[in-house]
Amino acid sequence: MAGPRKMASFRLPPLPTIGEVIKLYNLRAEKQLSQNFLLDMRLTDKIVRQAGSLRDAHVCEVGPGPGGLTRSILNAGAADLLVVEKDNRFIPGLKLLSEAAPGKLRVVHGDILTYRMDRGFPEGITKAWEDDPPDLHIIGNLPFSVSTPLIIKWLENISNRTGPFVYGRTRLTLTFQKEVAERLTASTASRQRSRLSIMAQYLCTVKNCFTIPGQAFIPKPEVDVGVVHFTPLAQPQIQQPFKLVEKVVRNVFQFRRKRCRKGIEMLFPEAQRLELAEVMMREADVDPTLRPTELSIPDIRALVDAYSHLCSENQGLLTYDFREELRLKHLNRRPGSSSSGPQQPV
């Protein structure tokens, strides 16, 4: 009896080069949209390889532009590729590519920040969170202007298991400015350690894959570009709501050159600031002389847990913002100003 026949891998038919597509549709990268085209297929193929095997996989590509990375994803064997493109100038070229890959490429004209990716793929690909990741990948050469707000949005989705993560621990392979890529993957006590480092690493395994020199893009950006791969963790390293973690981390890192206690104090109203900061540091058992960059994920976890405990005991603490307290104090100090409520303590 003959063995099973090996399926031939899909390859795109001969097509105009990306450079020819750009000329054909008179496309220009818009500086105000932080667009930069990557025309070298060897580099787009290398980006795609960082995602792992795409054979028969479902993929969402973010901001495909003229379609260079799109071609590499299709040639890697993706069975279902959904591309979400905001700029309508690129849609005709993407539809041309869709015709060359019948049944494999879906083109959506929309904004990835608002697109409902939880409705974009069949429910049958869903995996339990504790299982291996689903056969679904997000890949994108992101415009610099959207990359940070987008990864923060997706990290919150990971925490809540919403958006593209309703299907399970969906993996992401994305480009960022080299400096942002270094911050996302920075280790404890490194110079690049930042708020982004903590928020990404408490939720994901994060890998800085390789750097693409700026001159590989058209037009050439002023910085190099890093390719970063994210795999959500089966269990986050901090078991608290995303917004609460983000608030503590944001406060700690706003004074990154100071000792960590300085940022911790700003979590509390001025009248209770020193007292509650002392309670929080003592409960967390974290050295108050450490600088924010020296705090490990377990240190941050202890601080967040201690802050959550204090919030449960002090009504209104969770919504307190020291900037709002400063603003009201400034208003009350203006000549002729009046306040209907009690004056802020001085």
Under the salt bridge (charged side-chain N to carboxylate O under 4.0 Å, His left out) rule, what pairs show up with a residue in [range], not counting sequence neighbours?
range            : result
residues 181-191 : E179-R183
residues 198-220 : none
residues 109-120 : K86-D111, R116-D118

Task: Flag side-chain contact, heavy atom, 4.5 Å: N314 against Y320 - done: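 No; the side chains remain at least 4.5 Å from each other.
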TODO: Compare all side-chain heavy atoms of L203 with those of F242 and state whether any distance is below 4.5 angstrom.
DONE: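 Answer yes - side chains close enough.
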Please report the interatomic distance [atom1]([X]) to [atom2]([Y]), rounded to the nearest 0.5 Å.
X    : Y    : atom1 : atom2 : result
I300 : Q240 : CD1   : CD    : 13.0 Å
Q272 : L267 : CD    : CG    : 12.5 Å
T175 : D224 : OG1   : CG    : 12.5 Å
K247 : N251 : NZ    : CG    : 7.0 Å
D40  : I18  : CG    : CD1   : 11.5 Å
L174 : L150 : CG    : CG    : 7.0 Å

In chain order, what residues pass the side-chain hydrogen bond (donor to acceptor under 3.5 Å, both in side chains) check against [X], with sequence neighbours excluded?
X    : answer
D80  : H58, R106
E265 : R261
Q239 : Q235
S194 : S197

With no hydrogens and no angle check, is any side-chain donor or acceptor of [X] less than 3.5 Å from a backbone partner on [Y]?
X    : Y    : value
D299 : S296 : yes
R169 : C204 : no
Q201 : L184 : yes

TODO: Write down the atom of P164, the atom of M117, and the distance for their closest heavy-atom approach.
DONE: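 Minimum heavy-atom contact is CB-SD, 3.5 Å.
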Open item on the list: Give me the atom names and distance for the closest heavy-atom approach of L38 to A216.
Closed with: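 Minimum heavy-atom contact is CD1-O, 3.6 Å.
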Determine, using the 4.5 Å side-chain heavy-atom cutoff (strictly less than), whether [X] and [Y] are members of one ILVMFWY cluster.
X    : Y    : result
V249 : L317 : yes
L274 : Y307 : no
V83  : L12  : yes
V228 : L233 : no
V223 : I47  : yes

Above 12 or not: heavy atoms from other molecules or residues under 6.0 Å from [atom1] of [X]?
X    : atom1 : value
R273 : CZ    : yes
E324 : CD    : yes
D285 : CG    : no

- [ ] Taking side chain to side chain contact (heavy atoms under 4.5 Å, CB included) as the test, write out the residues that go with R161, two or more places apart.
- [x]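 Counting only residues at least two positions away or on another chain, R161 forms a side chain to side chain contact (heavy atoms under 4.5 Å, CB included) with W129, E130.
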TODO: For E123, check side chain to side chain contact (heavy atoms under 4.5 Å, CB included) against everything at least two apart and list the hits.
DONE: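 Per chain and number, E123 pairs via side chain to side chain contact (heavy atoms under 4.5 Å, CB included) with no residue.
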Task: side chain to side chain contact (heavy atoms under 4.5 Å, CB included) evaluation trace for F268 with L310 - done: CA-CA 10 Å; F268 305 107; L310 284 170; 3.9 Å; yes
TODO: Could you tell me whether E20 and K23 have a side-chain N and a carboxylate O separated by less than 4.0 Å?
DONE: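 Looking at K23 together with E20, the answer is no, because their closest N to O distance does not fall below 4.0 Å.
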Task: Carboxylate-amine/guanidinium proximity below 4.0 Å for R195 and E246 - done: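 Here R195 pairs with E246 in a salt bridge, since their nearest N and O are under 4.0 Å apart.
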Task: Candidate pair D305 and S308, rule side chain to side chain donor-acceptor pair (under 3.5 Å), full reasoning - done: CA-CA 5 Å; D305 287 344; S308 176; over 6 Å; no
Open item on the list: Using the side-chain contact (heavy atoms from CB on, under 4.5 Å) definition, which of the options I151, L196, V225 pairs with F176?
Closed with: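 So the option named by the test is I151.
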Task: Intermediate values then yes/no, side chain to side chain contact (heavy atoms under 4.5 Å, CB included), K243 and E156 - done: CA-CA 8 Å; K243 292 294 189 186; E156 184 168 9; 3.2 Å; yes
Open item on the list: So, using salt bridge (charged side-chain N to carboxylate O under 4.0 Å, His left out) as the criterion, who are the partners of R49 when residues are at least two apart?
Closed with: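 R49 satisfies salt bridge (charged side-chain N to carboxylate O under 4.0 Å, His left out) with no other residue.
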Open item on the list: I'd like to check the salt bridge (charged side-chain N to carboxylate O under 4.0 Å, His left out) partners of R257; sequence neighbours left out, ordered by chain and number.
Closed with: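 Listed in chain order: nothing, the list is empty.
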Cut-off 3.5 Å, no hydrogens considered: what does the side-chain donor-acceptor table look like for residues 131-138, sequence neighbours left out?
none

